2 protein chains.
Amino acid sequence: MSSRAHPGGKVTIAEVAQRAGVSKGSVSLAMNDKPGVSAATREKILKVAKELGWLPNQAARSLSSATTQVNNIGLVIARPARMLGLEPFYMEFISGIESVLAERSHSLLLRLVRDVDEEVEVHDGWGRSKQISGSIVVDFTVDDPRIPALRASRLPVVAVGHPDLTGGLPSVWTDDGAAITEAVHYLAALGHRRLARVGGPPSLGHSAIRTEAFVRAVAGLNLEPARIVPTDFSGEQGARATRALLASAQRPTAILYDNDIMAVAGLSVATEMGVSVPTELSLLAWDDSQLCRLTHPPLSAMSHDVFVFGAEVARLLMSIIDHGEADAGHAAPTPVLVPRGTTARLR
Amino acid sequence: MSSRAHPGGKVTIAEVAQRAGVSKGSVSLAMNDKPGVSAATREKILKVAKELGWLPNQAARSLSSATTQVNNIGLVIARPARMLGLEPFYMEFISGIESVLAERSHSLLLRLVRDVDEEVEVHDGWGRSKQISGSIVVDFTVDDPRIPALRASRLPVVAVGHPDLTGGLPSVWTDDGAAITEAVHYLAALGHRRLARVGGPPSLGHSAIRTEAFVRAVAGLNLEPARIVPTDFSGEQGARATRALLASAQRPTAILYDNDIMAVAGLSVATEMGVSVPTELSLLAWDDSQLCRLTHPPLSAMSHDVFVFGAEVARLLMSIIDHGEADAGHAAPTPVLVPRGTTARLR
DNA sequence: CATGCTTGCTTATCCGGTAAAGCGGTTGTT
DNA sequence: AACAACCGCTTTACCGGATAAGCAAGCATG
């Protein structure tokens, strides 16, 4: 460690210049690979800089050049902290993002907020203080109020959601409508005619899209009108919704859930109420995490690789940061039906 | 939005000063609640600043005062991205941290790295560029090389790990030794005399501590010498370790796992090999996430609330940032044995 | 009434970089 | 021969704040 001249880490450009026998300006040019210094001088400067362990002060640099270079990507999530830990989706999504960021030496700046207003505020703050070089935005609603704010901020952004919702921001999405349709057709083929859906909050865009596709598919196949129960995605509400559905007079023979947490909870409820799965009742989860393989019987699910999805989102953001907004985004692979033990032909 | 005089967001202190009819210096004093300006002037300055929507340039401020005020907490994890998504521990830990950060308007700067060297590098970078005001450090090894680096950085830090490992850094830990001892005694009381342990990497301090406590407890009770299989915490290696143990001549009648992922995998292996749990074999998990309640039979586990643990860590860090390093840290509640369906008296 | 102490504000620096202008000396242009 | 254009480097002027020093006016003190 003989290279550390100043263990305190207080080396400035002036000191490097002095030791190298040149001026501050030359050091600056040399360090930034700009023309204006001879190869010999450049080499000498770099050598001295390395010896002193000098690294340019980021604050000073961004102050003078107005070109801050941070390697952080922002992600604001407006959900309660508890849920983040419980829902496998977010963790896999985040690790997918991190897998791309890590190889590019970027970090993820993660913030949980209460509501959309706070989210916009946080985002603005990050933008102004140059703490992030881009951002990932999730959970779009219809006519999402964040869209104009994001556009005004001029920060590179990737929206996670269907183009109908993301107002022209570069987006990555899955074709939930197609997946739902596939699921409904599959259940109908198994003889089910009374379906139900345990969905997310109607305000959330992707939940609304799924509901619409669900209703359309049910109608298209002339099945009985389907009940749709909104939830907040939590296991508790998934359980409650299932309980309500199973207790009703005309109880459904198949239930589609909007995530795997609720499906797991729903399966427990069915067991607890003595409704046998899959002979009397079929259950189909969404977001196929390892949870689905652990239940008994294992949950059939609309499966997609959330890790890869997150990576895809991060990759698009990186490309936008590097080359500008060339790409308008693209759809990720449509979730695929993976039948396991909770779906079967109706007797 | 009439308050936005400059939509471009390019308001400087000079402009505020000019409009308020005072000097830059006065504006600075007024904005930082420092004495030296009359109440009337201060009020006028604040009013003008608000009208113009001025917010001090963070770079300039930190350049001149060397006292950057960012609301970010750092967390570097040296594990592969895939694992982050699969292990419930980290997600719950992170959400626990976020729960405290959110209420104080702080964000988490999260980075995945390959190895310890890179971790130190990232940490140094964050420190120098003033991107974080404190940091949480995990996965300590014996004689961890990060300790001197962290100490030199002078950044507020909370170490997650036993004080024996964290070299005097303020720490939060769980008494894993006591928990392991309890587990061994419990299994011995059920009649088990041949135990095995599927542990983490021996280099990891907490894994070593558990192994030591395990060996000591086994010896103390005069049980048969126990086999210890190291892993990388992944489900795959948990499965392989279990397979090896069950295939051996003198197969154990009880296995302790170092996390829940491996225990789940181990349970599958037992089923696949026709070893009935819990009649022939008892399994005990660590880090009791919801996974443990979903398996069949449900997994007995050494349970602790990881969410609360993460929150505790974050709270200590906040207090150190606010009031300095008064607290040397403390132990979190010791994990509690929760018997479910995978532990039973040996026949 | 001269002196010293506050009070309230301005001015001058400084933080550590970047970027443009300046400056001798050599070389190319017409 | 006169002039422009480079070269390689130094000077100088900022960037946008914080802060110490300076300074005039008001006020109490002896």
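Excluded from the calculations below are hydrogen atoms, water molecules and symmetry mates; all remaining heavy atoms, backbone and side chain alike, are included. A, B, ... follow the sequence lines: proteins, then strands. Residue 1 opens every chain. This structure is a prediction, so every number in the text was calculated from the model and none was measured.
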Could you go through nucleotides 21-25 of chain C and list every protein N or O atom that sits under 3.5 Å from one of its N or O atoms, giving the distance for each pair?
none

Grab the N/O contacts between the protein and nucleotides 10-13 of chain D below 3.5 Å, and write none if there aren't any.
residue	atom	partner	partner atom	Å
D/dT10	OP2	A/S23	N	2.9
D/dT10	OP2	A/S23	OG	3.0
D/dT10	OP2	A/S26	OG	2.8

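Atom CZ of A/R114 has 12 or fewer heavy atoms from other residues, nucleotides or ligands within 6.0 Å.
Across the protein-nucleic acid pair, A/R42 atom CZ and D/dC9 atom P stand 9 Å apart, rounded to whole Å. Going from atom CG of A/L63 over to atom C1' of C/dG16 covers 9 Å, rounded to whole Å.
The side-chain contact (heavy atoms from CB on, under 4.5 Å) test applied to A/T41 returns A/V22, A/S38, A/I45, not counting sequence neighbours. Under the salt bridge (charged side-chain N to carboxylate O under 4.0 Å, His left out) criterion, B/D143 pairs with no residue, sequence neighbours left out.
A rotation axis mapping the C1' atoms of four pairs onto the next four is fitted at both ends of the helix from C/dC1-D/dG30 to C/dT30-D/dA1 over five pairs, and the angle between these axes is 50° to 10 degrees.
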*asked:* Before you tell me yes or no, could you show the steps for A/K47 and A/E43 under salt bridge (charged side-chain N to carboxylate O under 4.0 Å, His left out), namely the whole-Å CA-CA distance, both residues' side-chain angles and the distance that decides it to 0.1 Å?
replied: CA-CA 6 Å; A/K47 180 165 154 277; A/E43 207 168 314; over 6 Å; no
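Panel note: side chain B/N72, backbone B/L109; no donor-acceptor pair is recorded below 3.5 Å.
Sorted by first and then second residue, the salt bridge (Lys or Arg N to Asp or Glu O under 4.0 Å) pairs with a member in residues 98-111 of chain A read A/R104-A/D322, A/R111-A/E118; sequence neighbours excluded.
Among the heavy atoms of the strands lying under 4.0 Å from B/S28 is at least one base atom, whether or not backbone atoms are also near.
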